[in-house]
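Data block below; observations after.
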Number of protein chains: 2
Amino acid sequence: MSKEKILTAAKEEFAEFGLSGARVSRIAEKAGINKAMLFYYFSSKENLYKSVLRQTILGLMSQIKKILTPDLKASEFFEKMPEIYINYFSKNKDFIKIMGRELINDGKHYKAIIRETLEEDGRLTPSGIKELINKWIKNGEIKEESQFNMMMNIVSLSLFSFIGKPIAENILDINIKEDEIFYKNRIESISNLLKRGMLK
Amino acid sequence: MSKEKILTAAKEEFAEFGLSGARVSRIAEKAGINKAMLFYYFSSKENLYKSVLRQTILGLMSQIKKILTPDLKASEFFEKMPEIYINYFSKNKDFIKIMGRELINDGKHYKAIIRETLEEDGRLTPSGIKELINKWIKNGEIKEESQFNMMMNIVSLSLFSFIGKPIAENILDINIKEDEIFYKNRIESISNLLKRGMLK
DNA sequence: TTTATTATTAACCATTCGGTTAAACTAATT
DNA sequence: AATTAGTTTAACCGAATGGTTAATAATAAA
């Protein structure tokens, strides 16, 4: 019970302030537990951070696994990936913040967690996705493009819909509410761009 | 002289550790000055951060200004924007890190600086860009799309080429060297995607 | 040369931080 | 009732941290 309360409070805290900005005492306060409990269960601030990050990453991975079937078509991929990403991010605002900070800090913890996870669970393997993309290229479903650039485009467009929003807003001097319509538009725009730009 | 040395060292420090992770003593050490000098010139850590952020943002804005002429064509826009962004980011690695962290922290300082800058210098106005995009829609140069989604797509694809790289690498289990070829490929891929996806 | 202003320094400081400790409480087992 | 293992707490701690101070050096103006 306490362990769960700590994890929940820590996720909030790390999302808002980052690893170095987060305060152990504040996490304890939010969780309604004694600060010593935090060290009792997680032994250090950094260790608590790793636990939060692991939970966060696994949450998204389980979503992506659902769509990655061997018979997936490229067009479906370009529709479903943005949909899953945007929907997940809109409902888990902490994810973007924690993950963004982690990536800027060279993603050292992120990489370690992915490595562990792949060892435990062989289903979502890199080679599986590679095979899928190669198949689409051979089938003539998509324009020839490096696998890497293709993944970069998908991930960039989805993830950055949240982080990059203030920039686009400032350039155009507008203020976009982050509501259902915003999410729907963003999914559609990304999906269309990917399909027009990458399908044959 | 000292002021400049402090700014340079601070930029490095804030990029690597963020506002809360940065250490004033470390900045002073890097700059080769006494810590008190830092407070003598900038009065507080946060104030120093704002100065660094302002310098950083103005550096990019001056690049973008160069291409934004009233007779710019949409196809040129889709070619030059990724080129400017990617080239600038590849040569100013600190920019991405500072800006990324700032945006995740809700971009409060960023917004304030943009507001000031627009008041001082009317050349790069939001209305100017809006007019350009509206013209392209009327001319039939680009597919109808909200201005906002269009800017989001451009900014996302460019900015995230750096932050999102570890994710794409992990999904495909590859390691991409960040060299001239990488930058060239990324510019081409983004530019092609934008042109195929948004030009009529 | 004197005066006023700007730069620079070493030493200092209050506060906050992550982390520890030792004792006490709780609840199931024997 | 005694033992055991897991849980919880208040009080404590040394090391940093951002920031200050008061004295001094360098420079320019009078």
Side-chain angles (χ1 to χ4, degrees), chain A residues 1-56 94 97-98 101-102 104-110 112-113, chain B residues 1-56 94 97-98 101-102 104-110 112-113:
Chain A
M1 204 65 239
S2 288
K3 210 172 170 180
E4 282 308 311
K5 281 197 287 179
I6 294 170
L7 277 169
T8 305
K11 194 172 175 181
E12 258 181 54
E13 178 79 6
F14 286 129
E16 192 171 350
F17 302 103
L19 174 51
S20 54
R23 294 296 161 243
V24 169
S25 56
R26 214 158 35 197
I27 294 173
E29 207 179 329
K30 276 185 205 169
I33 51 101
N34 189 287
K35 198 179 61 166
M37 284 300 292
L38 193 152
F39 290 95
Y40 175 69
Y41 281 119
F42 297 97
S43 78
S44 76
K45 187 190 178 188
E46 189 172 312
N47 211 44
L48 173 57
Y49 172 76
K50 280 190 213 167
S51 296
V52 167
L53 189 64
R54 177 174 295 109
Q55 220 190 31
T56 305
D94 290 343
K97 296 197 168 191
I98 291 174
R101 289 187 211 274
E102 170 63 22
I104 290 170
N105 292 330
D106 295 326
K108 160 181 129 190
H109 295 116
Y110 161 74
I113 289 169
Chain B
M1 205 64 238
S2 287
K3 210 173 169 179
E4 283 308 311
K5 281 197 287 180
I6 294 170
L7 277 171
T8 305
K11 195 173 174 180
E12 256 181 55
E13 178 79 5
F14 285 129
E16 193 171 350
F17 302 102
L19 175 50
S20 55
R23 294 294 161 242
V24 169
S25 56
R26 212 157 38 196
I27 294 173
E29 208 179 329
K30 275 184 203 167
I33 51 103
N34 189 288
K35 197 180 62 164
M37 285 300 291
L38 192 151
F39 290 94
Y40 175 70
Y41 282 119
F42 297 96
S43 77
S44 74
K45 185 190 178 186
E46 189 173 313
N47 210 44
L48 173 58
Y49 171 75
K50 281 190 212 166
S51 297
V52 167
L53 189 65
R54 176 174 295 106
Q55 222 190 31
T56 305
D94 290 343
K97 296 196 169 194
I98 291 173
R101 291 201 157 94
E102 171 62 23
I104 290 170
N105 293 330
D106 294 327
K108 159 181 131 190
H109 295 115
Y110 162 72
I113 289 169

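Every chain is numbered from 1 and lettered A, B, ... according to where its sequence line falls, protein lines coming before strand lines.
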Is any side-chain heavy atom of [X] less than 4.5 Å from a side-chain heavy atom of [Y]?
X: B:L48; Y: B:L7; answer: yes
X: B:F42; Y: B:S51; answer: yes
X: B:D94; Y: B:T56; answer: no

With sequence neighbours left out, what residues match [X] under side-chain hydrogen bond (donor to acceptor under 3.5 Å, both in side chains)?
X: B:N105; answer: A:R101
X: A:S43; answer: none
X: B:S44; answer: none

Residue pairs involving residues 29-42 of chain B (criterion side chain to side chain donor-acceptor pair (under 3.5 Å); sequence neighbours excluded):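 Every side chain to side chain donor-acceptor pair (under 3.5 Å) pair that includes a residue of residues 29-42 of chain B, provided the two are not neighbours, is B:E13-B:K30.
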Of all pairs that satisfy salt bridge (Lys or Arg N to Asp or Glu O under 4.0 Å), the ones with a partner from residues 41-54 of chain A, not counting sequence neighbours: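 Passing the test, one end in residues 41-54 of chain A: A:R54-A:E116.
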From NZ (B:K11) to CD1 (B:I27), nearest 0.5 Å: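 B:K11 NZ to B:I27 CD1: 13.5 Å, rounded to 0.5 Å.
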Rounded distance (nearest 0.5 Å) linking atom CD1 of A:I33 with atom CE of A:M1: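 Taking CD1 in A:I33 and CE in A:M1, the distance rounds to 12.5 Å.
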With sequence neighbours excluded, residues passing salt bridge (charged side-chain N to carboxylate O under 4.0 Å, His left out) with A:K97: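 A:K97: salt bridge (charged side-chain N to carboxylate O under 4.0 Å, His left out) contacts with B:D106.
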Secondary-structure notation, DNA chain C, from Watson-Crick and G-U pairs under 3.5 angstrom (| other strand): ||||||||||||||||||||||||||||||
Within residues 6-18 of chain B: residues closer than 4.0 Å to DNA chain D (heavy atoms):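 Correct list: empty, so none.
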Which residues share a ring pair (Phe, Tyr, Trp, His ring centres under 6.0 Å) with A:Y49, sequence neighbours left out: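 A:F14, A:H109.
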First and last nucleotide of DNA chain D, 5' to 3', lying under 4.0 Å from heavy atoms of chain B: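 For DNA chain D, the relevant span reads D:dT17 to D:dT21.
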Nucleotide-resolved protein contact map, nucleotides 8-21 of chain C, B/S/- at heavy-atom distance under 4.0 Å: BBB------SBBBB
